[in-house]
Amino acid sequence: MSLIEYKPELSGVKKNADDKKILHDIEALRSEAVTLFEAAEYQKAYEKTVESLHRLREFSDFSNLEFRVAFITLLFDLAEIHYALKDFKMSKKQLEHIFKYIDPLLKHDADRFGPYHLMAMELSTKVLRSRKRMLELLAKQQEHTGMLYEKVNAGVAAATDRLVDSLCKDAELMASTGDYRGAIRFYMEAIKLSKKRTGRVTEREVAMTVAVARLMMHSRQQTDRAKRLLEAVLPHAKAVGSKVAPEEINDLIKNIDEKKEIDSLWRSFLNKVQSASKYLKWDKKSEESKSEESEEK
């Protein structure tokens with residue numbers, strides 16, 4: 001995940017036991033997230049990181065340096081997780097936040113926060129290169145899809161299944177570039193062709209429908225539509241014994257119900273962190289502080 005190991009400097013909050021407990025909790029949660037990330041459990045790692053950010057919101061002073069260190073570390077983790085999920089648009093968005101919040105820290109201590117800035121630059125370059133590569137792959141993939149369309153139109157029945165798979169691949173690549181609306185259109189076309197061929201809802205259509213709902217959840221304007229889609233496909237998932245478990249669909253519905261509140265809280269949190277930048281507190285630790293921290297450990 002983040003290339004910089006996170007270890008809170010508790011001397012920076014030694015007078016506030018609650019803040020110290022928050023940093024301890026975040027360190028533990030982040031350790032779990034890193035383990036999940038290394039096991040390629042990216043969605044679970046994301047959930048642990050969001051849990052850490054919720055805990056960080058309880059910190060008493062958003063201008064405190066150690067709050068800032070924890071906050072930026074978690075933003076790095078989000079950027080890395082989105083990158084691993086091939087959601088380059090969201091990874092880039094987190095990097096934009098990182099650059100904005102790192103600037104005032106660099107002015108206070110370039111030695112400590114210089115590596116953070118370098119890491120952000122490296123990840124930014126990696127995201128841009130990956131997005132460019134995905135666009136190139138998408139162009140080639142769409143050529144392949146076009147040839148399959150020609151076969152289907154020519155009456156080659158066996159080509160329909162291959163066309164559905166190709167459209168799904170188009171959708172995945174398009175979503176990774178950040179074009180969620182375009183990806184939804186490809187999935188909807190794939191669902192239409194698949195249902196026309198089978199004449200019923202199968203496990204394949206359930207999986208594609210859930211994928212569409214996930215993409216819709218990226219937009220605040222489409223969350224209600226995503227919820228209706230999931231509620232409609234839930235009985236089919238139960239009926240066909242889909243690999244997309246009904247519990248997973250129910251979890252997504254629950255996430256949608258919470259999404260509006262979470263989005264509002266997140267925007268408010270970011271605004272408060274930005275506003276507190278002007279009051280950023282930076283005090284060089286004395287040898288006595290370091291000694292106290294060593295004794296606490």
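This structure is a prediction, so every number in the text was calculated from the model and none was measured. Count residues from 1 along the sequence.
- Contact detail for His117 and Ile102: the closest heavy-atom pair is N-CD1, 3.9 Å.
- Ring pair Phe269/Phe62: centre-to-centre distance below 6.0 Å.
- Looking at Glu205 and Thr202, their side chains do bring a donor and an acceptor atom within 3.5 Å of each other.
- Under the 3.5 Å distance criterion, the side-chain polar atoms of Ser124 are left unmatched by any main-chain donor or acceptor of Ala120.
- The backbone N or O of Thr177 lies less than 3.5 Å from a partner atom in the side chain of Arg131, making a donor-acceptor pair.
- Using modelled atom types, one finds no donor on one side chain facing an acceptor on the other under 3.5 Å when comparing Glu51 with Tyr46.
- No option in Gln94, Lys100, Lys92 other than Lys92 meets the side chain to side chain contact (heavy atoms under 4.5 Å, CB included) test with Glu96.
- When atom types are taken as modelled, the side chain of Thr35 and the backbone of Ser31 share a donor-acceptor pair closer than 3.5 angstrom.
- With a 4.5 Å cut-off on side-chain heavy atoms, Val156 and Val152 do not count as touching.
- Annotation: side chain of Lys126 is in contact with side chain of Glu80 (closest heavy-atom distance under 4.5 Å).
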Worksheet item: Does the side chain to side chain contact (heavy atoms under 4.5 Å, CB included) test come out yes or no for Leu167 and Leu148, once each step is laid out?
Response: CA-CA 10 Å; Leu167 286 166; Leu148 288 172; over 6 Å; no
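- Classification of Lys48 and Glu32 as a salt-bridged pair holds, one side-chain N sitting under 4.0 Å from a carboxylate O.
- Linking ILVMFWY residues whenever their side-chain heavy atoms come closer than 4.5 Å, directly or via other members, leaves Met90 and Leu128 in distinct clusters.
- Side-chain heavy atoms closer than 4.5 Å link hydrophobic residues (I, L, V, M, F, W, Y) into clusters, and following such links, even through other members, never connects Leu36 to Leu74.
- A donor-acceptor pair under 3.5 Å is absent between the side-chain atoms of Ser219 and the main chain of Met216, judged by distance alone.
- Side-chain contact between Gln274 and Leu270 is absent, with no heavy atoms from C-beta onward closer than 4.5 Å.
- Residue Arg225 places its CZ atom among 12 or fewer non-hydrogen atoms of other residues, nucleotides or ligands, all under 6.0 Å distant.
- Taking the side chain to side chain contact (heavy atoms under 4.5 Å, CB included) definition, one finds that Asp161 meets it with Arg197, Arg204, sequence neighbours left out.
- Within the structure, salt bridge (charged side-chain N to carboxylate O under 4.0 Å, His left out) pairs that include any residue of residues 133-159 do not occur (at least two apart or interchain).
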Fill in: ring-ring contact (aromatic ring centres under 6.0 Å, His included) assessment of His82 paired with Tyr42
CA-CA 8 Å; His82 285 303; Tyr42 302 128; over 10 Å; no
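- By the neighbour-count criterion of 12 heavy atoms within 6.0 Å, atom NZ of Lys192 is sparsely surrounded, having that number or fewer from other residues, nucleotides or ligands.
- Two different hydrophobic clusters hold Phe67 and Leu29 under the rule that ILVMFWY side chains link at heavy-atom gaps under 4.5 Å.
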Practice prompt. Would you please test Thr49 and Arg30 for side chain to side chain contact (heavy atoms under 4.5 Å, CB included) and show each step?
Written response: CA-CA 7 Å; Thr49 304; Arg30 187 172 182 273; over 6 Å; no
Fill in: CA sep, side-chain torsions, deciding dist, call: Phe186, Lys169, side chain to side chain contact (heavy atoms under 4.5 Å, CB included)
CA-CA 9 Å; Phe186 275 105; Lys169 184 65 175 177; over 6 Å; no
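- Using a 4.5 Å heavy-atom threshold, the side chains of Leu215 and Arg181 count as separate.
- Rounding to the nearest 0.5 Å gives a distance of 7.0 Å between SG of Cys168 and CD of Glu172.
- How far CE of Met134 is from NZ of Lys132: 14.5 Å, rounded to the nearest 0.5 Å.
- For the pair Phe37/Asp77, no side-chain contact is recorded, criterion being any heavy-atom separation below 4.5 Å from C-beta on.
- Atom-to-atom distance recorded for Arg214:CZ and Ile256:CD1 is 10.0 Å, nearest 0.5 angstrom.
- When all heavy atoms of Ala45 and Ala33 are compared, the pair lying nearest together is CB-O, 3.6 Å.
- A donor-acceptor pair under 3.5 Å is formed between the side chain of Ser91 and the backbone N or O of Ala79.
- Between the Asp25 side chain and the Arg55 main chain, no donor and acceptor come within less than 3.5 Å of each other.
- Counting heavy atoms from C-beta outward, Leu173 and Leu135 have side chains that stay 4.5 Å or more apart.
- A 4.5 Å side-chain heavy-atom check between Glu247 and Asn250 finds every atom pair outside the cut-off.
- With rounding to the nearest 0.5 Å, the separation of CD1 in Ile249 from NZ in Lys238 is 9.0 Å.
- Nearest heavy-atom pair across Asp170 and Thr145 is OD2-OG1, 2.5 Å.
- Contact detail for Ala175 and Asp87: the closest heavy-atom pair is O-OD1, 4.5 Å.
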Discussion item. The test is side chain to side chain contact (heavy atoms under 4.5 Å, CB included); show your working for Val212 and Ile191 and say whether it passes.
Written reply: CA-CA 10 Å; Val212 169; Ile191 291 170; 4.2 Å; yes
Worksheet item: Going through the checks in order, is the salt bridge (Lys or Arg N to Asp or Glu O under 4.0 Å) test met by Glu66 and Arg112?
Response: CA-CA 12 Å; Glu66 296 313 313; Arg112 182 178 183 185; 3.3 Å; yes
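- Using a 4.5 Å cut-off between side-chain heavy atoms of Ile, Leu, Val, Met, Phe, Trp and Tyr, with links allowed through other members, Leu138 and Ile184 fall into the same hydrophobic cluster.
- In the hydrophobic clustering of this structure, Leu106 groups with Ile72; members are Ile, Leu, Val, Met, Phe, Trp, Tyr whose side-chain heavy atoms approach within less than 4.5 Å, directly or through other members.
- When ring centroids are compared, Tyr187 and Tyr180 stay outside the 6.0 Å threshold.
- In terms of heavy-atom proximity, Asn16 sits nearest to Asp19 at OD1-N, 3.0 Å.
- Across every non-hydrogen atom of Phe71 and Trp266, the tightest pair is CE1-CH2, 4.4 Å.
- Proximity of a side-chain donor or acceptor of Ser194 to a complementary backbone N or O of Ala190 within less than 3.5 Å is not detected.
- Leu230 contributes atom CG, which lies 11.0 Å from atom CG of Asp251 (distance to the nearest 0.5 angstrom).
- Distance alone, capped at 3.5 Å, places no donor-acceptor pair between the Tyr6 side chain and the Ile26 backbone.
- At a threshold of 4.5 Å between non-hydrogen side-chain atoms, the residues Phe59 and Asp18 do not count as touching.
- Atom CD1 of Ile98 and atom NZ of Lys93 lie 13.5 Å apart (nearest 0.5 Å).
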